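Predicted model, so just to flag it, every value in this text is computed and none were measured. Each chain gets a letter, A, B and so on, in the order its sequence line appears, and its residues count up from 1. All heavy atoms count here, side chains included; hydrogens, waters and symmetry mates do not.
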Amino acid sequence: MEKLNVPEQISNDKLKDIYKQMWLIRYFDEKVDEFFAKGMIHGTTHLAVGQEASAAGACAVIEQKDKITSTHRGHGHCIAKGATVDKMMAELFGRTTGYCKGKGGSMHIADVEMGNLGANGIVAGGIPLAVGSALTAHMKKLDYVTLCFFGDGATNEGSFHEALNLASVWNLPVIFICENNQYGMSGSVKEMVKVEDIATRSKSYGFPGVVVDGNDVVEMMNVTNEAVERARKGEGPTLIEAKTYRWKGHSKSDAKKYRTREEEKEWKAKDGIKRFKEVLLEANILTEEQEEVLRKEAKKEVEDSVEFAKNSPMPGKEELLTDVYA
Amino acid sequence: MREITYLEAVREAMSQEMRKNDDVFILGEDIGVYGGAFGVTRGMIEEFGPERVRNTPISESGIAGAAVGSALTGMRPILELQFSDFITIALDQIANQAAKVRYMYGGKGKVPMVLRTPSGSGTGAAAQHSQSLEAWVAHVPGLKVVQPSTAYDVKGLLKAAMDDDNPVIFYEHKLLYKSKSDVPEEQYSIPLGQADVKREGTDTTIVATAIMVQRALEAADELEKEGISVEVIDPRTLVPLDEETIIKSVSKTGRLVVVHEAVKRGGYGGEIASMIAESAAFDYLDAPIKRLGGAESPIPYNPELEKAHVPQVPDIVKAVKETLNRK
């Protein structure tokens, strides 16, 4: 068994957990996709199939005390931060056992106590919140960092630029992780951003920016770990641009007219899960048999979550007006 | 009791709380050595230092979000926006994030923050620095909205706002900063949602907010000379609104004039008028409800035009007389 070139706190057992987690993210979102297609879940949803490595890799190097902010495409971040798929699925089914008691839905899953400060339906809306979370850590001298996830589209919002500048001038322990999945809803990053790499935008704010293969979970761990160490040492923020691709459409009704099937095929060949599997097999960290077991476990967890959600109660009408004010 | 200004009362309320509670801090543009656009935080950075009196870049969305995020993770920020018009730039963080986080998350998490901001016209600052947009935020469930009209009220209401576990939008009227009243030195709290009867009367009820409370009281003095007895109610907080006090008063007088500086169309006065129309007080009404508010134009620069934009004492006198069918 070899030791992979990963941060030292990442054991081989942890690598297996991460691998399973990536499947958990994929199976969860594929199941959600199926339910939307069948009309079993209402509203809308944004799937992270194909982007598992960035969420799993980044969250692998942080601890429970650390915090994250997420996006509309947030199921993966949520799972990577330790959420149970039972409560997530129940939330999508609008049940009282869901993370938000059925009041938030896909775009607002949060688990504040576990350090997940929430997905966000407003593009870039969570970025200033992450800076606020980092400000608390700084002011209360708490040793936590905040990972702030957002997409390429968010980097054209004013909030992104304001938040990066603020985090920089206050030297806050926050790691900005741009998952550049190449498209906003339909707008290609090539049409909407003039710079080659979004990571270079950090230069304007005086802190490092790093480009990483977002489908390489090992690289994702290493780069995030370095940024986390910088933040913990009081050296301020880092911008990480994880280049990746969403396999599915933007949301449930997307004919994907803005991109070609060839492009999709090219990116699917760079599947982060497949690549990680090869790495683990190659290093004798995982056998084919063990791999299958992990994958089946992940699948079962998702299937169980569906049962949990279906068997959970719907909120009563009296829930409408609770939780508006503290 | 000593008299201090409204501005001093705001500063005193913050300083007293900051001495007691390390989680309370203030952030905003030019609030450090400059002392804030209106001088409210003058001297505070010297006492509390730059960590707790945080001078920020000019980034209303960023700093509003930083306030919300820090509140969500255990701080109790006071965000100062230089002019209330600038809430437009911070509104995603206020209306979409601060107001909704708790509900969206199924009751987990809270956002104990106060957004303090000077509002209103009368300073010649024209269309983008003079508005009263309180109805915008009053429309959003999850926010509380406060509009103090005296030095005494501002100190007690700010204490209540800082103690509240919800996002509170706290409007300070620029023209009131220099106004004085008796203010206790010790901390005290005025509950949010408790109106104040500023003057008792029997013929007509005026519900007025912010600077209009003073003008309503002046109008009441004039009307008294003509034998007209006016009751003046200051709701003090728009959300929550003390409906009971207003309903009780209108049931007694049978007449209602609502006056605010904000543009009349879509203004909060419409909410108060409707509330009365839907209440038991409706049966007691002896005259149509009158609403006075700002003109349907941006606020002009020229001093005479600016004055004409918002209700003045003679307008209030006239409206009250109309409810009484008198000229």
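Taking 4.5 Å as the limit, every side-chain heavy atom of Met139(A) sits out of range of all side-chain heavy atoms of Asp23(B). Under the 4.5 Å side-chain criterion, counting only non-hydrogen atoms from C-beta, Tyr105(B) is not in contact with Asp323(A).
For Ala119(A), the part sitting under 4.5 Å from any heavy atom of chain B is the backbone (N, CA, C, O) and nothing else. Neither the backbone nor the side chain of Thr69(A) comes within less than 4.5 Å of any heavy atom of chain B. For Asp22(B), no part lies under 4.5 angstrom from a heavy atom of chain A. When heavy atoms are compared at a cutoff of 4.5 Å, Glu91(A) does not approach chain B at all. In this structure, chain B has a heavy atom under 4.5 Å from the side chain of Val169(A), while its backbone stays farther away. Only the side chain of Leu135(A) comes within less than 4.5 Å of a heavy atom of chain B; its backbone N, CA, C and O stay farther away. Both the backbone and the side chain of Lys108(B) come within contact range of chain A, each with at least one heavy atom under 4.5 Å from a heavy atom of that chain.
In this structure, CG on Leu192(B) lies 10.5 Å from OH on Tyr325(A), to the nearest 0.5 angstrom.
If you tally non-hydrogen atom pairs under 4.5 Å between each of Leu172(A), Asp111(A), Ile127(A), Asn120(A) and chain B, the highest count goes to Asn120(A). Top candidate by heavy-atom pairs under 4.5 Å with chain A, chosen from Val68(B), Val111(B), Leu143(B), Asp164(B), is Leu143(B). Ranking Arg54(B), Glu51(B), Lys110(B) against chain A, the residue ahead of the rest is Arg54(B), based on heavy-atom pairs under 4.5 Å. Per-residue counts of heavy-atom pairs under 4.5 Å with chain A were compared for Gly142(B), Pro141(B), Pro112(B); the largest is that of Gly142(B). With respect to chain B, the highest number of heavy-atom pairs below 4.5 Å among Leu166(A), Ile122(A), Val131(A) belongs to Ile122(A). No other option in His161(A), Lys67(A), His138(A), Glu319(A) has as many heavy-atom pairs under 4.5 Å with chain B as His138(A). Across His108(A), Glu113(A), Lys101(A), the residue that shares the most heavy-atom pairs under 4.5 angstrom with chain B is His108(A).
More than 12 non-hydrogen atoms from other residues, nucleotides or ligands lie less than 6.0 angstrom from NZ of Lys140(A). For Met40(A), the CE atom is densely surrounded, since the number of other residues' heavy atoms within 6.0 Å is greater than 12. No more than 12 heavy-atom neighbours from other residues, nucleotides or ligands sit within 6.0 angstrom of CD on Gln128(B). In the displayed structure, Glu235(A) atom CD is contacted under 6.0 Å by more than 12 heavy atoms of other residues, nucleotides or ligands.
Annotation: residues 306-315 of chain A contacts chain B through no residue [non-hydrogen atoms, separation under 4.5 Å]. The interface of residues 70-104 of chain B with chain A, defined by heavy-atom distances below 4.5 Å, comprises Ser70(B), Leu72(B), Thr73(B), Gly74(B), Met75(B), Asp92(B), Gln93(B), Asn96(B), Gln97(B), Arg102(B), Tyr103(B), Met104(B). Residues from residues 28-43 of chain B never place a non-hydrogen atom less than 4.5 Å from a non-hydrogen atom of chain A. Of residues 57-67 of chain B, those residues with a non-hydrogen atom less than 4.5 Å from any non-hydrogen atom of chain A are, in numerical order, Pro57(B), Ser59(B), Glu60(B), Ser61(B), Gly62(B), Ile63(B), Gly65(B), Ala66(B).
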